[in-house]
Structure formats: C-alpha cells, structure tokens
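Below, read A as the first sequence line, B as the second, and so on, with proteins coming before strands; counting in each chain starts at 1.
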Amino acid sequence: MSPTPDMTTHIGKLVLDNPVMVASGTFGFGEEYDGLMDVRALGAIVTKGISLEPRVGNPAPRTAETPCGMINSVGLQNPGLRGFVEHKLPWLKEVPCKVVVNILGDTVEEYATLARELDGVPGVDAMEVNISCPNVEHGGMTFGSDPQTARRVAEAVRAETDKPVLVKLSPNVTSIVQVAEAVITAEIDGLTLINTISAMAIDYATGKPLLGAITGGLSGPAIKPVAVRAVFEVARACETSIVGCGGIASWQDAVEFIRAGASAVQVGSATFRSPSSAVRVIDGLRGFLSHIDCSSCRELVGKVNI
Amino acid sequence: MSPTPDMTTHIGKLVLDNPVMVASGTFGFGEEYDGLMDVRALGAIVTKGISLEPRVGNPAPRTAETPCGMINSVGLQNPGLRGFVEHKLPWLKEVPCKVVVNILGDTVEEYATLARELDGVPGVDAMEVNISCPNVEHGGMTFGSDPQTARRVAEAVRAETDKPVLVKLSPNVTSIVQVAEAVITAEIDGLTLINTISAMAIDYATGKPLLGAITGGLSGPAIKPVAVRAVFEVARACETSIVGCGGIASWQDAVEFIRAGASAVQVGSATFRSPSSAVRVIDGLRGFLSHIDCSSCRELVGKVNI
Amino acid sequence: MATAHNITAELKQVRHFGKDLVLLRLFAPSVALAATPGQFVMLGPLDPRCMDPFLCRPISIFGVTDEGELDLLIAAAGRGTRMISAWTEGLRVELTGPLGHGFESDTKNLLLVGGGVGVAPLVFLADTQLAKGRKCTLLYGAARSEMMVDLQKLQDRGCLVKLATDDGSVGHHGLVTDLLSKHLSASHSHDTLVAACGPSPMLKEVWRNCSEHGVDLQVSLENRMACGTGACMGCSLLISGKALRVCKQGPVFSGGEVFQ
Amino acid sequence: MATAHNITAELKQVRHFGKDLVLLRLFAPSVALAATPGQFVMLGPLDPRCMDPFLCRPISIFGVTDEGELDLLIAAAGRGTRMISAWTEGLRVELTGPLGHGFESDTKNLLLVGGGVGVAPLVFLADTQLAKGRKCTLLYGAARSEMMVDLQKLQDRGCLVKLATDDGSVGHHGLVTDLLSKHLSASHSHDTLVAACGPSPMLKEVWRNCSEHGVDLQVSLENRMACGTGACMGCSLLISGKALRVCKQGPVFSGGEVFQ
Ligand SMILES: Cc1cc2nc3c(=O)[nH]c(=O)nc-3n(C[C@H](O)[C@H](O)[C@H](O)COP(=O)(O)OP(=O)(O)OC[C@H]3O[C@@H](n4cnc5c(N)ncnc54)[C@H](O)[C@@H]3O)c2cc1C
Ligand SMILES: Cc1cc2nc3c(=O)[nH]c(=O)nc-3n(C[C@H](O)[C@H](O)[C@H](O)COP(=O)(O)OP(=O)(O)OC[C@H]3O[C@@H](n4cnc5c(N)ncnc54)[C@H](O)[C@@H]3O)c2cc1C
Ligand SMILES: Cc1cc2nc3c(=O)[nH]c(=O)nc-3n(C[C@H](O)[C@H](O)[C@H](O)COP(=O)(O)O)c2cc1C
Ligand SMILES: Cc1cc2nc3c(=O)[nH]c(=O)nc-3n(C[C@H](O)[C@H](O)[C@H](O)COP(=O)(O)O)c2cc1C
Ligand code: FES
Ligand code: FES
C-alpha cells in the first residue's frame, strides 16, 4: 500500500482532478443527482447534449431494459444553448468539478456556431462533440459514420474554440480506427469512445417496438466488451488521449478501460442502476492504484500485457 | 387455442420442418449434443465453419464470459473439408433434420472451391457462407466489411452450387443494409443475421487480455438488441429470406426475431448455458402460435406493429 | 429535489396478498420522513450480484410509519416485480427516494379512485389527509378480490372504502369508474378533489366523469423510467404541448394538464 | 459421450468447510451412475432467472453414492463459484454430465497428488480404486488447513492421506510436491500410477518428479470452457502438436502427452 496515488489526468489540455466523469445524457445537468451522491467528487460532468435551439425529443416510450443493459431513444430533448446557459450552467458553475458540454447539430455549421458561442462562456471547461446525429444536409447518415464528415465537424469546432475539444465516436462503423485517424487530424484534445450501439427491441406478445422511435442506442454492461475493443484499437493506432465509455459500472471496469488505453473514463447508464456508481469507481480506482503501488493513475494508461 | 400450427418455413429453396436451427460454431457437428437434447427436433443443424484444409485455430484461452454474454476467439479450428465429409457428415446424415454446412475461406477462390466440392455431397442440404473472415489477398479486412467484396464471395459460391446458399453477415459494418443489398444481387437463398460483434476483455488485475487472440466476437443475450435491429432493417430494405441469430435463448426471443422479419432463427451460445435451449424454443414457439391462433409460423414473419 | 436519498434499507416485513401482490416494509427513515403522497422510490438493483435485470423499478410509496418505515405495495407483473415478490425479510436493498412531485390537496373532501396496484399512492394520500381531519372516500377496483390489498386499517381510521371487481368476487361487479360516476352524481362535489391512479383507460374515464361534474382531478401517471431523477429525459410525455418528465414534473399531474 | 445427461437435480446437502469451500450433494442418479473418476459436470445456469452470469461452470465429480447422489467440492474463487457457495438445500439446479475423459488406472498402487480443490477428482478416483482392493496414497496440499476438505471417510476406508500446507497449519509445512519427491525416493515405484490435479506449476513439478523416477503420470487439466461437450472448440490446447479439447479428449491426459 503506497500513499494516496495521484489521480490527476490529462486529456489534451483538459486537466481533471480524477479520471472519472459521468457520461452525456445519463446525468442530466448535474443537479438532478445532487444529494443522491457526491457530485463534487467527480472528475467532470458531461452534460446532456445541447443543440442551438431547444428540442422536445422522440416519442414515448424512450427507454427499454435489455439483457445487461438498456436501449434509449431519448433523442435530443434539451433546453437549447440559451436555456442551458441561463438555467443549467449557473448550478454547474458552483460545482468544483469540471464541466464538459456535449454538443450536437444538424449541420456542420450548427456545430461551429455552438462551439463559437460556448467558447466565450465561463464555467464551460471543455466541449464534447456528439457526431452520432443525422447529417440533415446529407441524407440523414450520421456525421460519425464517415471519416471525412466526422473530420469536418471536428475541424469546424476546433476552428471556433480554444477550449479543450473531445470528439465522441460512434461504434456503428466498419472501422472506428479510420474515423479516429481522420478526426484527430483536426488537432482536437481527445476522443470519447464509445457512444451507444444501434439496437432495437420488440414486445414479442404485441409486436410493438419497445421504443416509440423504433430503434435506439444500446448501453450498459452488455456493450462493455465492444467499448474496450474500440479503446484498445484506437489507442494502438492513434496519438491522442482517449476517454473510455460503455458499460462501466465498477472500478474494475474502469481499470480495464484505462489498461486498454483510456486516460479517463465515463460512467453512463450505471448511474441509473445506482446513483453513486461513479463515486464508487473513483474510490475503488484510488484504492486499486494504491494497492498495486502505482503512484499515478496516468501510469496505468495502456498497461495491457500482451 | 388452434390446432397444431404449421411450423414449416422456407428460406429461398431451403425448406425446414421448423424454423429453429442451431448456430455455427455452437453445436460442433451435432453428435456432441446427442443424448443431451433432442437433436432430431431441430429445424437444421449448422455445422462449425469448414475450410478447405484442417486448421488448429487460435491460442488459448479462447472464451471468456462477459455481462450477459461471452466473447470467443476459437478462430477456425476445424477438420477441413475432407475431415468433415469423412468423419463428421456420416453421423449428420443419419439425423432427420437438415444439415447446413458453414464455409469459410482466405480467398474468394477458396469459397468457390468449397461450394463446388460440397455441391456434389449427399447429406449437405445447404451452405452458409461465413464472410466474417479476413480476406488474405486484401490486407486482412474481412470479406463481410465491404459490400462489393461480400457480393463477390456470394457470386462465387452461387456459381458453383445449386444447393440453397445462405450468406451470414457481420454486424461490424457502418451499414448492414448496404452489405445485404449487395449480397442478394447474387441470387442467394437468404441471409443469416448476425455474426458476433468485435469485442475484447482485459483482466483488470493482471492486465492480460482474457483471450489469447486478444480480440474476439461477442455473442449471447447482450447482443440481441443489435441483432433484432439488423434483422428489422434488412427485412425492410431487401427482398430476401432472413435467418435471425444473436442472443436467442427463449421462444420469446425467437418470436421477437420472427416479428422483426426473420423466416427462421438460430440458437447459438444459449446452448452452452442449457443444451436444450433450442428445443425449448421450438416447443415454446409452437405453443405461442397455437395460443394466438396463428396457423403457420410463416404468418408471423415481419409482423411488427409500427 | 434536495430531499431525496440513495440508501440501503433492511426489509423488515414481507406480507403476501393472494399470489401476485406483496407489501414490503423497509426501514428507511430518511426516505420515509421526507416522503409525501404521490411520490415514489426507485427500487433496486433488484439483484446486486447480477447486471440482469439492469435497471431499478419505480414504485409508489404506499405508506410510512412513525418509526421511519416505508411501505411499498408491489404487484408481480413482469420479471422484475416477480423477483421483488420473492424477496425475504432481512434482505438489504438499495433504493432512491422520495422522488417526483406528489399530490397537492387542501380540500375538505377527497375522493380517491385506484385501479389495481394504483391504489398504493392513494392509500398514503388518504392516510395523511385523514390525519388532517379531512374526509376521504376510496373507490378501489381490481380484477379479482385476491388481487386486492387489505385496507381494514384505513377503514378503521375513518376512510370510506368501496370495492369493485371485474369478476364480482367482492364489491361492485364491474368497473371502479361505475362507482365513481354513481358517487359524483349522488353527492355534492364542491370542495372535492378526485385523485386517481391506475391504468390509462381508467384514468381517461375518471377524467370524463370529473369534467362532466366539474370536479378537480389529479392523476398519477406511469411511464418507463431509467433514472427516476429527471436526468435521462427518458420518461418525458408530451403534456399540454410540453415534453414533461413524469419522474420529475410528475408523476402527479392535474387532469386538465394531461387530458385537455 | 452417449452417457452424458442434461438434468435438473435437487440439492440434498450443503456442507461448508472454512469459508471458501463447500461440498454439494445433489440427487442426480443418471449422472452419478454413469460417472467415472476424472469426469466433470457443467453446473448451471447459476441463476436461471438471470442471463448474468451467462455460462455454466465445469466442476469435477468428487464422489457418488449408491443412492445416486453426486458430490461436488467447490472453492469460492470468482463470482460464479461464490454464487454457488451460497446455494441452499432444496434448490433445484441444472447440470450436464458426466463429461470428458477420466483417469485410466489398472495399477496396483495409486499415488494421488492434489492441490487445493484439485483434490476433488482424486477423491473419487481413490474411492473407486479402494473398492477394487488397490492401494492408494493421497498427498493433499492447500494454502491453509481451513481450505481443506475433511477426508476422514477416505482414510477410514484405507487410503493413506498426507497433508501439506503453505502455512504449516496442518501436515507438512511446504508444498505437496515435497511430499511427492520424498515418497517417490523412498518407495519402490514399479506398478505405481501417479494421478494429479491442481494448479499448473504444481503439475509441472509433479511431472518433473515422475519423469525423474520413471513413474507413469496422469494429470487433470483445467481450461476455460463454454460448452463442456466438445462442441465449441473453446477449450482446445496444443498438446503434442494437436489442438485437443480439454473437455472432450481430457480433462485427464497422460503426463507425457502434456509435458513432453
Ligand atoms: C411512478 C410509478 C410508480 C409506480 N408504482 C408502483 C407500485 O407502487 N407498485 C407496483 O407494483 N408497480 C408500480 N409501478 C409500476 C412498476 O414500476 C412496474 O410494474 C414495473 O416497472 C414492471 O416491472 P417488471 O420488472 O415487473 O416488468 P419487466 O417487464 O421486467 O419490466 C421491464 C422494464 O419495463 C419497465 N416497465 C414495465 N412496466 C412498466 C410500467 N407499468 N410502468 C413503468 N415502467 C414499466 C420496467 O421498469 C423495466 O424497466 C409504478 C410505475 C411508475 C412509473
Ligand atoms: C475440468 C474442470 C474441472 C473443475 N473442477 C472444479 C472443482 O471440482 N471444484 C472447483 O471449485 N473448481 C473446479 N474447476 C474450476 C472452476 O470451474 C473454476 O473455479 C470456475 O470456473 C471459476 O469460476 P468463477 O465463476 O468462480 O470465476 P469467474 O471469474 O466468475 O469465472 C469467469 C469465467 O472464467 C472461467 N474460469 C475462471 N477460472 C477458471 C478455471 N480455473 N478453470 C476453468 N475456467 C475458469 C469460468 O468458468 C467462467 O466462464 C474445474 C475446472 C475445470 C476446467
Ligand atoms: C438515456 C441516455 C441518453 C444519452 N444521451 C446522450 C447525449 O445526449 N449525447 C451523447 O453524446 N451521448 C448520449 N448518450 C450516450 C452515453 O453518453 C454513453 O456514450 C453510452 O450510454 C454508453 O455508456 P454506458 O454504457 O456507460 O451508458 C446517452 C445515453 C443514454 C443511456
Ligand atoms: C464459440 C463460437 C464459435 C463460433 N463459430 C462460428 C463459425 O465457425 N462460423 C460462423 O459463421 N459463426 C460462428 N459463430 C457465431 C455464431 O454462429 C452466432 O452467429 C453468434 O454466436 C451469435 O449468436 P448467439 O448470440 O446466439 O451466440 C461462433 C460463435 C461462438 C460463440
Ligand atoms: S426517468 Fe429519467 S428523466 Fe424521468
Ligand atoms: S468447452 Fe467447448 S469444446 Fe471444450
């Protein structure tokens, strides 16, 4: 047992007190979990995805349980940029942990505008670009499904802000490494891997899809092996910082992602199962590092024994 | 309660007594499960993948448990075409259910050769083409990851045999619909959806990948929502018969796939959990059809209420 | 919001009614003390050793005791609630609550309409209103008598309870809304609030009756929930043109909001 | 192969040894009657209501009774075996077996070397060999005495049991292979078969000793298993240049096959 390990981590120029964030869309705007767990202990809060204008999202039902996970089609319900800055950010500013704003748009221009507007906003520590949204100008394929389109979004955002920028990749591609390679040419600060996997469930008895939007995104422990593989492959291929996400529910899961190559992790759906999941990940990770006499969590990054 | 429903199903020109098969690689060559369950009740047995020459497969360990599923990197251990025909087929021939031989190759030519050789072999009722194998001539991308390469394999096999041909698609692509659309131009009899999802797991304590081959394929209930989505999307887009596969463990799961658009289903990893899974699926499906007064399982195909 | 807690609570008592209904008593003082009628808890993980089932289950608060106990009435509907029904005394379970926005009542007369396990929040509401000296009538419907919880205690405290069953095994042979329409037609209904919880068709019929008689209505809605805390936007319904989160802005809404 | 069965068996008895070792007795006549020493069963699903954990667990047969009962000795190692350790009498569990290729012994003298829970198949082997009037010595090593199963019955039947513990809490203070080398050096070893089961380093050391003294060795190997029936090719090891399935061609192999 060594003394308390250094939990600080770097994702490009974003510095976090500890490598554990909560994932976009699973933690609202933070205040929802105030009092239910120690929000202040988090490395960072990633907000629900923000668009330029408010959106009402998809028809109900929007969530369904699946084996070891869930699918959601929340869609893009959010208060819009103004609503966020006016009503949600003030509370977040009071919290000592970092605030990462997840952004999404229908066009490259919208992403750029969001980045430009948020660039000047105090209390926003970084942006995470969600490119798993349909590209309205190009037939509805998501921005993240084509390396060059993904790169263009990353470049547009990078051009508008000096704040740290993470780009969050979709696993619904033939080669996530190719998308990663294209995106990092935009000199962003890091990649978040992964968003949800395209999925669907049908009520066998009634034949009704369990989601109002018919298809949705699979998350939770079920997808962990897919996410670990994505992190591992991208870490081998790309010179960039990686934030691992997908099915993390315990500190052991976090260690697995860090060893695969992640400099930080995000706890997503597991918060629904138990609100303090992320805090337990932090405590457990600290304990593990100390147990293996590792003085800094950064030392563990990529430590896979092949 | 209606009288016993008709369980016969058609996949192109392949006719099965009932729509429940066991998936390739999860049932060996059938005899392994003889006595442990009623092999004769199956709609069809799909064999472990067969290559031209015998192969020893990947280094140990080859399987690992994951949340609601497993990953495997068995690789291609199989007795080769000759070994199969001499040592495995005789037993299969004695079984009244249909025999589908899963084939794989390093080159398009190998697939063609396998199809040609098997075309004349009595007791082989159909072939299932596994295109999730690395294309040795083209840098190791799998045949299934590019629509045109996938189509070429399908055409090569189709040209060599009049037996029913199924092509089994990989979910590790940006658009499984595009691959499906390309493949069915080869006038094959149907598509099997889906093969395993590329995945990985690491022992958090030691940092060792849980599989000797490092990465492997995720199967089991965890992937069911991904498979249902694939079946649903391809069924909407393509005029072909679909065999649903991925996480099916109960008759309710089978109904879900059939409603999504599958004319038949395959039970895979669930057999490991309980050898008689597939038989229970058959009985349950029959009971359900009768319960909802459905006179034929073919009527349920695609019956999703949108 | 700041009053909700995420705790581990011991299961003090398990009482079965029929084969599909169970009343759990948990020692959960922080939750029990903060709870108001109409609020709910997220119960789970259902099996902490397993990730399947993955999510918690939203369960209304049936009652609280002065000792800080929390009563939950659960109908074994699907896999999750069947697992809960098999829980035994002494088990320690995780729960989060009290959550959501409950009933708001300052009327003298309360008319409660509960369908099936939807009676749960109404019993808690009756309990607190009786304590304030108000008049309560509970119309309680279910499929069969053995799917009903015993409400003798509530009756002893002065609540008028009328039953309806689909099969006529107890009370009125028919729908609970038959009782309601009779009741509303018979009695002067000014200064009366109707509070209802149950299946959607029942709620709609309750609304029809209330609007016909010009009586205020509050309804507790259900929707699938992932977080229960307002974070995931998963339970939103379009209510009066706005996407409202049932777990946060509800589960109790005014009838007018929902049905107009 | 044709003798294996997939059955549901009732748990008749659960005996705990220390906190990490449990002996299960199941009523499973079809499996028990067909079993030979060295064979195993696939136990599970561990929790039929949940898909997590997903796979069955391979467990050696520790013994059978004339009444058709099957004894399994289980060490709580990971999550699955910990769940099994919490099983209680009366539970009905699914299992498949007997599976695999067991020990083959027609020698007069049997020398058994078991490390930890690896003693399980050796106890069954000793039992059947003693019944045939053969001489058996069991060298049994573990980390601490409280991680050992009680083998009094075997001793009563005439088996010589020598213990070794890492911490010296009982028997020889050191490795079980120390006992082996002493034993082999002391005794004439013609017509002796050594049968071993335990961790790989132990097996290697056993092999070294046996080959030094020219004694035949059979070892029971472990590998991760998905099917246990030979179907998935998941448990193959390269043994003498061939990919052999531990569950089918093994788990018992000759020492020469494995280590040469
Ligand atoms: C605010 C609120 C209060 C509730 N109070 C009670 C109560 O006091 N007693 C009680 O027995 N039940 C109550 N329910 C319903 C209860 O949550 C569902 O019966 C339960 O979720 C069904 O879960 P299951 O595990 O049995 O079914 P499963 O089929 O295993 O459920 C699968 C998924 O669907 C969701 N789901 C299924 N049915 C419903 C439903 N009717 N409403 C919401 N989610 C559903 C589950 O939460 C789960 O995520 C309440 C629901 C809500 C929203
Ligand atoms: C032929 C054979 C006979 C066995 N006999 C016994 C016995 O009699 N008593 C006993 O206690 N144990 C026995 N084992 C080992 C037992 O199967 C493992 O301890 C058990 O699988 C560990 O599972 P877990 O759920 O505790 O660990 P987990 O970490 O939950 O296991 C995760 C996965 O890894 C596999 N795994 C983990 N460790 C091992 C291992 N050492 N060998 C094989 N698979 C492993 C599990 O089967 C499971 O699929 C035997 C193993 C084999 C192959
Ligand atoms: C209800 C829900 C809403 C989500 N909303 C967003 C979002 O707005 N933007 C985004 O980038 N990811 C969103 N995600 C994806 C998560 O951030 C995360 O990438 C995914 O859930 C995988 O992690 P997990 O398995 O830990 O949940 C959402 C996920 C869920 C479950
Ligand atoms: C151990 C194992 C071996 C497999 N081998 C093959 C194979 O040889 N050829 C093939 O096409 N698919 C193979 N598969 C994939 C299965 O046939 C099936 O597509 C996949 O497991 C998803 O179904 P499941 O979730 O029901 O298992 C294998 C799967 C497993 C688990
Ligand atoms: S359940 Fe998450 S917002 Fe209501
Ligand atoms: S475990 Fe499947 S072949 Fe051995």
As an exercise, state the distance from CG of Asn72(A) to CE of Met233(C), rounded to the nearest 0.5 Å.
12.0 Å

Heavy-atom distance under 4.5 Å between the side chains of Arg273(A) and Met51(C), does that happen here?
yes

For the candidates Gly69(A), Gly75(A), Pro59(A), which exhibits the highest count of non-hydrogen atom pairs separated by less than 4.5 Å from chain C?
Gly69(A)

Chi angles and distances behind the side-chain contact (heavy atoms from CB on, under 4.5 Å) call for Phe54(C), Cys68(A):
CA-CA 5 Å; Phe54(C) 181 61; Cys68(A) 285; 5.8 Å; no

Chain C contacts: which residues in residues 205-212 of chain A have a non-hydrogen atom closer than 4.5 Å to it?
Leu210(A)

Mind checking the SG-CD spacing from Cys247(C) to Glu32(A)? Nearest 0.5 Å is all I need.
9.0 Å

Atom NZ of Lys242(C) with >12 non-hydrogen neighbours under 6.0 angstrom:
no

Within-4.5 Å side-chain heavy-atom neighbours: Pro275(A) and Thr229(C)
no

Which portion of Ala222(A) sits near chain C, non-hydrogen atoms under 4.5 angstrom
neither

Give, as side chain, backbone, both or neither, the part of Ser269(A) having an atom under 4.5 angstrom from any heavy atom of chain C.
both

At a heavy-atom distance under 4.5 Å, which candidate from Ala226(C), Gly228(C), Pro48(C) has the highest pair count against chain A?
Ala226(C)

In terms of heavy-atom proximity below 4.5 Å to chain A, should Ser236(C) be classed as side chain, backbone, both, or neither?
both

N/O donor to acceptor pairs below 3.5 angstrom from side-chain atoms of residues 22-38 of chain C, sequence neighbours left out:
from, atom 1, to, atom 2, distance (Å)
Arg25(C), NE, Asp71(C), OD1, 2.8
Arg25(C), NH2, Asp71(C), OD2, 2.9
Thr36(C), OG1, Gln39(C), OE1, 3.3

Set out, in order, the CA-CA distance, both residues' side-chain angles and the distance that settles side-chain contact (heavy atoms from CB on, under 4.5 Å) for Ser274(A) and Glu94(C), then state yes or no.
CA-CA 8 Å; Ser274(A) 183; Glu94(C) 191 173 328; 2.6 Å; yes

Of Pro45(C), Gly80(C), Cys235(C), Cys56(C), the largest count of non-hydrogen pairs under 4.5 angstrom with chain A goes to Pro45(C)

Considering only heavy atoms and a distance below 4.5 Å, find which of Pro53(C), Gly234(C), Ala231(C) pairs most often with chain A.
Ala231(C)

Given side-chain contact (heavy atoms from CB on, under 4.5 Å), test Asn6(C) with Ser276(A) step by step and report yes or no.
CA-CA 8 Å; Asn6(C) 173 241; Ser276(A) 52; 3.8 Å; yes

Measure from the side-chain N and O atoms of Arg224(C) to the backbone N and O of Thr63(A), and report whether any donor-acceptor pair falls under 3.5 Å.
yes

Tell me which of these, Leu55(C), Leu46(C), Ile7(C), has more heavy-atom pairs under 4.5 Å with chain A than the rest.
Leu55(C)

Just checking Gln13(C): does its CD atom have more than 12 heavy atoms from other residues, nucleotides or ligands closer to it than 6.0 angstrom?
yes

Part of Leu237(C) lying under 4.5 Å from any heavy atom of chain A:
side chain

